[in-house]
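The structure appears below as structure tokens.
First listed ligand is number 1; within each ligand, the first listed atom is number 1.
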Amino acid sequence: MSLLQQIQNGDDLKAFSRDELPILANEIRERIISVVSKTGGHLASSLGAVELTLAIHYVFNLPVDSLIWDVGHQAYAHKLLTGRDKEFDTLRSYKGISGFTKISENPCDAFTVGHASTSISAGLGIASAKHLKQDRSKVISVIGDGSLTAGLAYEGLNQAGDSDRDLIVILNDNDMSISPNVGAISSFLSRKLSAHSLQSMRKEFGVFLKSLPGIGDDVYKLAKRSEDSFKTFVTPGMLFEAFNFDYFGPIDGHRLNHLIDILENIKKHDEPVLLHVITTKGKGYPPAEKNPVYYHGVGAFDVETGGSPPQKETPAPNNKIPSYTQVFGSTMMDIAAMDERVVAITAAMPEGTGLKGFSEKFPHRFFDVGIAEQHAVTFAGGMASRGMRPVVAIYSTFMQRAYDQILHDVCIDSHPVIFALDRGGIVGEDGPTHHGLFDYAFLRNIPNMTIMAPRDENELGIMLRTAVNHDGPIALRYPRGPGEGVDIIKDAPILDIGKGECIRDGRDILILAVGRVVQEAIKAADVLEQEGHSVAVINARFIKPLDRELILETAAKTQNIVTVEEHVLDGGFGSAVLELLADNDIFHCRVRRVGIQDTFVEHGPQKILRKEYKVDAAAVISAAKELLNHG
Ligand SMILES: Cc1ncc(C[n+]2csc(CCOP(=O)(O)OP(=O)(O)O)c2C)c(N)n1
Ligand SMILES: CC(=O)[C@@H](O)[C@H](O)COP(=O)(O)O
Ligand SMILES: [Mg+2]
């Protein structure tokens, strides 16, 4: 039996000698590589955090001590050490274990995470609650250097530093976000002097001071006493000391004994402490060390060859159908070549949003602001206020945290910002923290906002060109994954704002759909027509403003309406249609809304989830038949 198989909980781990820990680290790495090569997942981040995870679990007593991982994508070793080795093969699969930490999954998962930069605030909240309950157990928040580019992290540091609460923050600094990290903080962190260079500087400086005639010895003694503040000055410690944290580091985050010793020491503190560790993203698997960007979030791969990383924007040979993201990225480059006003903004996700190509072709019109979605939106508002056409490419789920910036800094003055909401709808294995199922609702209620969703990748290109030519805030939301396999017509005319498309006419029932689910509506209509029904299908194209004329005109000809969206029902597209019908006294129609009920969607393959949560063709047919059979 391997060492890993002997571990059910922290006590089992503590029974091992320190000499056994490197062996265990290798077993953990092998297990992670083997499983992720089959399931896909966040390989590089988890490989980089193996020794740090082992040291934390070795020194602290989980779940009594609380460990919060930032994002949680680097927590595979944590899962393996907390009794989930047997289930680990189900990582991110339907009904399997989550790809992030999740309170409901395991008592050692102190907080449910997935969105970046929450660990310090959550850790401080837990530490403050423990303090009020006279609970002296420890709280450890582990945050990456990328996640430290978000303002939320500083809001947490700011309060923590003024609170005297017993909080340990560990900065896992691998100089990488998903892409190489960006921003002044990142370069400040990279400014660290190595322990060796500090040592030799210290020695030379000491010799020089002692050589000063008459005063040498006194000055040397004074310098010795102030050495710590000197060290803080030349290392990133200055930043964290300013937040009133006791700073330790930077230390090698792969040296287990050193990590354990320093954590044992830090454990004795009862005020805010920050330990800065330096790690290598992808550590222990050469293809991931060499290409941590590709192996940040990877699909299944061949462990031996490592797999040649296909670029996300260009269709890989075996992916004949370009993804929505790839079409977005290539259309952006076409538009930018014709329109100098167009700039692209990403929040630390150039590859995921398809903007890598744009960044290489138009480096001066590309802005990676780091994990800082609120800032990205207000930054775009500023640019738009001076005549630019900023395209802010942020996943739907991550845009949720920039709601006020959209309202306050863009829509009040109707600045022409284009919101490219990728990963709209069910995203799949990333699960409830990542599905983009709320964007119609949180955008629809904002005056001056326009919202579109394309039926396929060709319409995405048309909508993007429409958006750039629109003089106001406009959002287009599109799904994760391959397009529908339609031809891309690059010179197709742009759309009239608020105008939908009548795909087919019919009298028995009207199916009103928006976004990718228009394909599900068409499939459902085909089945219903084979059963003798006359079915109208409308591609609404716009969630706001609705095509009032087309919808009311078509509703007048039928008594049954089904609306379809890959979005929560409350406040979504179907709600907007109900409001339109009611506001126009259209009461002769019976309406069924197909969409996500009032629940969070779990993780798993998109196809399975679309079926389970009833946003596929079968659900449309069932809703239609309920109305048609009602007589
Ligand atoms: C609010 C938010 N924006 C973007 C992301 C996507 N994302 C996940 S991990 C990551 C990079 C995190 O970098 P770092 O914290 O340094 O962790 P590492 O992967 O380097 O271990 C990003 C941008 C996210 N999860 N949450
Ligand atoms: C952990 C995280 O938030 C990102 O890595 C996210 O998983 C990327 O999602 P995609 O794989 O859809 O780009
Ligand atoms: Mg990092």
Which class fits the ring pair Phe100 and His42: parallel under 30°, tilted 30 to 60°, perpendicular over 60°?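 Taking His42 first and then Phe100, their aromatic rings sit tilted (interplane angle of 30° to 60°).
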
Measure the acute angle between the ring planes of Phe398 and His434, then classify it against the limits of 30° and 60° as parallel, tilted or perpendicular.
perpendicular

Give me the atom names and distance for the closest heavy-atom approach of Asp456 to Tyr324.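 Looks like CA-OH, 3.3 Å.
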
If every non-hydrogen atom of Phe442 is compared with every non-hydrogen atom of Tyr403, which pair is closest and at what distance?
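Here Phe442 and Tyr403 meet closest at O-CE1, 2.7 Å.
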
### Message
Donor-acceptor pair, distance only, cut-off 3.5 Å: does the side chain of His115 make one with the backbone of Asp70?
### Response
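No: the side chain of His115 does not pair with the backbone of Asp70.
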
Kindly check if the number of other-residue, nucleotide or ligand heavy atoms within 6.0 Å of NZ (Lys38) is above 12?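 More than 12 heavy atoms, drawn from other residues, nucleotides or ligands, come within 6.0 Å of this atom.
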
inquiry  = Are there over 12 heavy-atom neighbours, none belonging to Phe111, within less than 6.0 Å of that residue's CZ?
reply    = no

Best match, [options]: closest heavy atom to [atom]:
{"atom": "atom 22 (C) of ligand 1", "options": "Ile178, Thr346, Leu171, Thr433", "answer": "Ile178"}
{"atom": "atom 13 (O) of ligand 1", "options": "Ser177, Ala153, Ala49", "answer": "Ser177"}
{"atom": "atom 9 (S) of ligand 1", "options": "Gln74, Glu373, His296", "answer": "His296"}
{"atom": "atom 5 (O) of ligand 2", "options": "His296, Gln74, His73", "answer": "His296"}
{"atom": "atom 19 (O) of ligand 1", "options": "Lys281, His115, Gln400", "answer": "Lys281"}

If you count the atoms of ligand 1 from 1 in the order shown, which ones are under 4.0 Å from a heavy atom of [X]?
{"X": "Gly144", "value": "14 (P), 15 (O), 16 (O)"}
{"X": "Arg401", "value": "1 (C)"}
{"X": "Ala116", "value": "1 (C), 2 (C), 24 (C), 25 (N), 26 (N)"}
{"X": "Ser45", "value": "18 (P), 19 (O), 21 (O)"}

Among protein heavy atoms, which sits nearest to [atom], and what does the distance come to when rounded to 0.1 Å?
{"atom": "atom 8 (C) of ligand 1", "result": "Val71 CG1, 4.0 Å"}
{"atom": "atom 15 (O) of ligand 1", "result": "Ser147 OG, 2.7 Å"}
{"atom": "atom 16 (O) of ligand 1", "result": "Gly146 N, 2.7 Å"}
{"atom": "atom 23 (C) of ligand 1", "result": "Ile371 CD1, 3.4 Å"}

- Between Phe362 and Arg365, is there a cation-pi geometry (under 6.0 Å to ring centre, at most 45° from the normal)?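 Yes, a cation-pi geometry holds between Arg365 and Phe362.
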
Between [atom1] of [X] and [atom2] of [Y], what distance do you get to the nearest 0.5 Å?
{"X": "Leu460", "Y": "Ile488", "atom1": "CG", "atom2": "CD1", "answer": "8.0 Å"}
{"X": "Tyr76", "Y": "Thr39", "atom1": "OH", "atom2": "OG1", "answer": "6.5 Å"}
{"X": "Asp302", "Y": "Thr305", "atom1": "CG", "atom2": "OG1", "answer": "3.5 Å"}
{"X": "Lys361", "Y": "Leu355", "atom1": "NZ", "atom2": "CG", "answer": "13.0 Å"}

Discussion item. So if I count the atoms of ligand 2 from 1 in the order they appear, which ones are less than 4.0 Å from some heavy atom of Arg423?
Written reply: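 Those atoms are 10 (P), 12 (O), 13 (O).
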
Per-atom filter on ligand 2: closer than 4.0 angstrom to a heavy atom of Phe398 are 3 (O)

Closest to the Mg ion (ligand 3), among the N/O/S atoms of Asp145, is atom OD1

Could you tell me whether [X] and ligand 1 have an N or O pair separated by under 3.5 Å?
{"X": "Asn174", "value": "yes"}
{"X": "Met176", "value": "yes"}
{"X": "His73", "value": "yes"}
{"X": "Ala348", "value": "no"}

So, is Arg480 polar-close to ligand 2, with some N/O to N/O distance under 3.5 Å?
yes

Under 4.0 Å, heavy-atom basis, I'd like to know which part of His115 is in contact with ligand 2: side chain, backbone, both or neither.
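For His115, there is no contact with ligand 2 at all, from either part.
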
Logged contact type for Val427 with ligand 2, heavy-atom cut-off 4.0 Å, is neither

Item to complete: Assess Gly114 for proximity to ligand 1: is some non-hydrogen atom of it under 4.0 Å away?
Response: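 Heavy atoms of Gly114 do come under 4.0 Å of ligand 1.
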
Asp70 heavy atom under 4.0 Å from ligand 1: no

inquiry  = By the definition side-chain hydrogen bond (donor to acceptor under 3.5 Å, both in side chains), identify the one residue from Thr325, Thr353, Thr397 that meets it with Asp422.
reply    =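 Exactly one pass, corresponding to Thr325.
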
- [ ] Please find out if the Mg ion (ligand 3) and some N, O or S atom of Asn174 are separated by less than 2.8 Å.
- [x]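 So Asn174 does bind the Mg ion (ligand 3) by this criterion.
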
Metal check, the Mg ion (ligand 3) vs Met176 N/O/S, cut-off below 2.8 Å
yes

With salt bridge (Lys or Arg N to Asp or Glu O under 4.0 Å) as the criterion, how do Lys281 and Asp145 come out once you've worked through the C-alpha distance, each side chain's angles and the decisive distance to 0.1 Å? CA-CA 11 Å; Lys281 193 162 182 174; Asp145 56 303; over 6 Å; no

### Task
Any chance you could lay out the salt bridge (Lys or Arg N to Asp or Glu O under 4.0 Å) test for Glu51 and Arg255, step after step, and finish with the verdict?
CA-CA 7 Å; Glu51 285 79 15; Arg255 279 181 55 201; over 6 Å; no

